[in-house]
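Following: one structure in structure tokens, then a few remarks.
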Protein chains: 2
Amino acid sequence: MSEIRIRSKIWFEIEGQPLLGEGRFRLLSAVECAGSINAAAKNLGISYRKAWSQLEDMEQHAPFPLLERRVGGKGGGESQLTAETQELLKNFRLLREQINSAADYYFAEVFPMEE
Amino acid sequence: MSEIRIRSKIWFEIEGQPLLGEGRFRLLSAVECAGSINAAAKNLGISYRKAWSQLEDMEQHAPFPLLERRVGGKGGGESQLTAETQELLKNFRLLREQINSAADYYFAEVFPMEE
DNA sequence: TTATCGATATGCGAAATATGCATAACGGTC
DNA sequence: GACCGTTATGCATATTTCGCATATCGATAA
């Protein structure tokens, strides 16, 4: 019994509904970086439709607006994260890191001396 | 921003392929308890087809046999876990518990006094 | 020796999801 | 007022999941 690795993931829920997981974290990060949903989708290699649907679904359950969107105008429009969303991403990033480290630590205790 | 909870999950991989996660952990536990795939599926409220497919998929990647199966004969047949599978389940159970606790702990540090 | 019975094993169509193409709407800028 | 690139969305297609139906198996009992 070797070559076994542990993986872990975390996500936030609100009233039992999924709010933010790894995939959507990446999407929001990409939006923050790119300044628009469209550019973010291109960067991630997914369709705009898919990105939009995921954001739509998220905002159904989020207790605050995720994005500030602007349609039309200079450049066609843009989207950026609200301050609360930025804070949420920051917390997610930190917790994911901590818990992933904890997983590796506990795993090494249970499966010692692999190869 | 309240009512937010953290959730976490772990799974084992072998050579990058999923080996054991929560759903399959429950399935194997049910098989161990019930003594057959069929009875386990009934207990879990899923179809035998689904249970069998999941086990089939698992055994594709597992480095050791998961089940000892017997077809036909007294009672029609039976299935039980190998000793290695029992050990794997035990480790999974322990690690899941530890990491879940760690998630709650770190979460409380980042999101204090949410009631 | 043969019929029985309940579990394993599996093909295949149906149902549920996910995906993405095509198109409308929008509104600063020139 | 025409243009441009983005947001927004309907809808058809592709992919995955699900489960019904059926074949196979073999110890036991008759």
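Fair warning: this is a prediction, and the values are worked out from it, not measured in the lab. Below, chain A is the first sequence line, B the second, and so on; all start at residue 1.
The CD1 atom of A:I99 lies 11.0 Å from the OG atom of B:S101; values are rounded to the nearest 0.5 Å. The CD atom of B:Q86 sits 10.5 Å away from the OG atom of B:S29 when rounded to the nearest 0.5 Å. The CG atom of B:L44 sits 9.5 Å away from the NZ atom of B:K50 when rounded to the nearest 0.5 Å.
The nearest whole Å value for the distance from the NZ atom in A:K50 to the P atom in C:dA18 is 10 Å. In this structure, B:R49 places its CZ atom 8 Å from C1' of C:dA9, rounding to the nearest Å. At whole-Å resolution of the value, CD in A:E78 and P in D:dA8 are 12 Å apart. Residue B:Y48 contributes atom OH, which lies 5 Å from atom P of C:dT8 at whole-angstrom precision. One interatomic measurement links the two molecules: CG of B:N38 to P of D:dG19, which rounds to 14 Å at whole-angstrom precision. Look at CG on B:L44: it is 13 Å from P on D:dG19, rounded to the nearest Å. When the C1' atom of C:dC5 is taken as reference, atom CZ of B:R70 falls 13 Å away, rounded to whole Å. The CD atom of B:Q60 sits 14 Å away from the C1' atom of C:dT10 (whole-angstrom rounding).
Listed nucleotides: D:dG19, C:dA9, D:dT28. Nearest to the side chain of B:R69: C:dA9.
Take the nearest nucleotide of DNA chain C for B:W52 and for A:S47: the residue whose nucleotide is more 5' is B:W52. Of the two residues contacting DNA chain D, namely B:G76 and A:S36, the nearest-nucleotide position lying further toward the 5' end is that of A:S36. Where A:G77 and A:S53 each meet DNA chain D at their nearest nucleotide, the meeting point lying more 5' is that of A:G77.
The number of heavy atoms from other shown groups lying within 6.0 Å of CD (B:E22) is above 12.
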